[in-house]
Amino acid sequence: MLHILNHPLGAHIITQLRDRTTPPATFRTLCYRIGLLLALDATRDLALKDEVVETPLEKHTGQALAKPLAVIPILRAGLGMVEPFTDLFPDVSVGYVGLERDHETALPRSYYQKLPPLADKRVLVVDPMLATGGSAVLALDALIAAGATDISLVCIVCSPEGVKVVEAAHPTVPIFTAALDRELNAKKYILPGLGDFGDRLYGT
Ligand SMILES: O=P(O)(O)OC[C@H]1O[C@H](OP(=O)(O)OP(=O)(O)O)[C@H](O)[C@@H]1O
Ligand SMILES: O=c1cc[nH]c(=O)[nH]1
Ligand SMILES: [Mg+2]
């Protein structure tokens, strides 16, 4: 199921991210701010449990988050989306999946993986760009192999092609995004897109 962010601030930020004149320092701030909106959108359905507290006046049964969270960035570009999650959910565990697309074939290659226990957690995979879907499917396969059962994918820009590929391979994984773009070009970049997210984030 695809969830497209429906907030005017999201539309405002994504236009600034697309602007080719936006320098890396501003790009990183914009990535953080849109990450906050997406983090809230992707966690709207988190389970709650009762929690009793004493207010200064009386005993009160409130609520607390019931299930631990893990955020898993797909390196490198996904790193820009981690801080919104660690700021909003300070108890979140962080794991890493390192993938890089080959420039000629656009096929992802895995070069690093370090994961916390995942079986008991809501797992939020973060990667700003969903293009062919190859990287996301490889990451989701690895997380399921590591024991994850409750996974969401959080992106900033998706292509229709990538959404189809992920939905075919992992139909139960919801996808949250700020924008669903038009198509991929011949080099498998998203149009209109915003270029290479990792390069723009890190000035490479
Ligand atoms: O859907 P796909 O066709 O697999 O493409 C999307 C992937 O490409 C980008 O990473 P990239 O390989 O450029 O690595 P980087 O983040 O280190 O720049 C992006 O962050 C995704 O991981
Ligand atoms: O458009 C694209 C496609 C893959 N990776 C990016 O960073 N941008
Ligand atoms: Mg890149």
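Each ligand, and each atom within it, is numbered from 1 in the order the structure gives. Side chains are part of it too, since the values below use all heavy atoms of this structure and drop only hydrogens, waters and symmetry mates.
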[atom] - nearest protein heavy atom and its distance:
atom	value
atom 19 (C) of ligand 1	Asp127 OD1, 3.4 Å
atom 6 (C) of ligand 1	Met129 O, 3.3 Å
atom 18 (O) of ligand 1	Arg76 NH2, 2.9 Å
atom 7 (C) of ligand 1	Ser135 OG, 3.5 Å
atom 5 (O) of ligand 1	Arg101 CD, 3.2 Å
atom 16 (O) of ligand 1	Ala77 N, 2.9 Å

Path from Leu79 to Leu17 over hydrophobic side-chain contacts below 4.5 Å: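 Yes; Leu17 is reachable from Leu79 via cluster members.
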query: Under the 3.5 angstrom rule, does the side chain of His7 hit a backbone N or O of Leu9 as a donor-acceptor pair?
result: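 Yes: the side chain of His7 pairs with the backbone of Leu9.
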Where Leu143 and Ile151 come nearest, the two heavy atoms and their spacing: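 Nearest pair, atom of Leu143 first, then Ile151: CB-CD1, 4.2 Å.
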query: What part of Thr132, side chain from CB on, backbone N/CA/C/O, both or neither, has a heavy atom under 4.0 Å from ligand 1?
result: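 For Thr132, the contact with ligand 1 is made by both the backbone and the side chain.
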query: What pairs of residues pass the salt bridge (Lys or Arg N to Asp or Glu O under 4.0 Å) test when at least one of them lies in residues 144-154, not counting sequence neighbours?
result: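 Non-adjacent pairs meeting salt bridge (Lys or Arg N to Asp or Glu O under 4.0 Å): Lys67-Asp150, Arg122-Asp150.
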- prompt: Protein residues near ligand 2, heavy-atom distance below 4.0 Å?
  reply: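 Correct list: Arg101, Met129, Ala131, Lys188, Tyr189, Ile190, Gly195, Asp196, Phe197.
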- request: Show your working on side-chain hydrogen bond (donor to acceptor under 3.5 Å, both in side chains) between Thr61 and Asp50 and close with a plain yes or no.
  value: CA-CA 6 Å; Thr61 303; Asp50 284 352; 6.0 Å; no
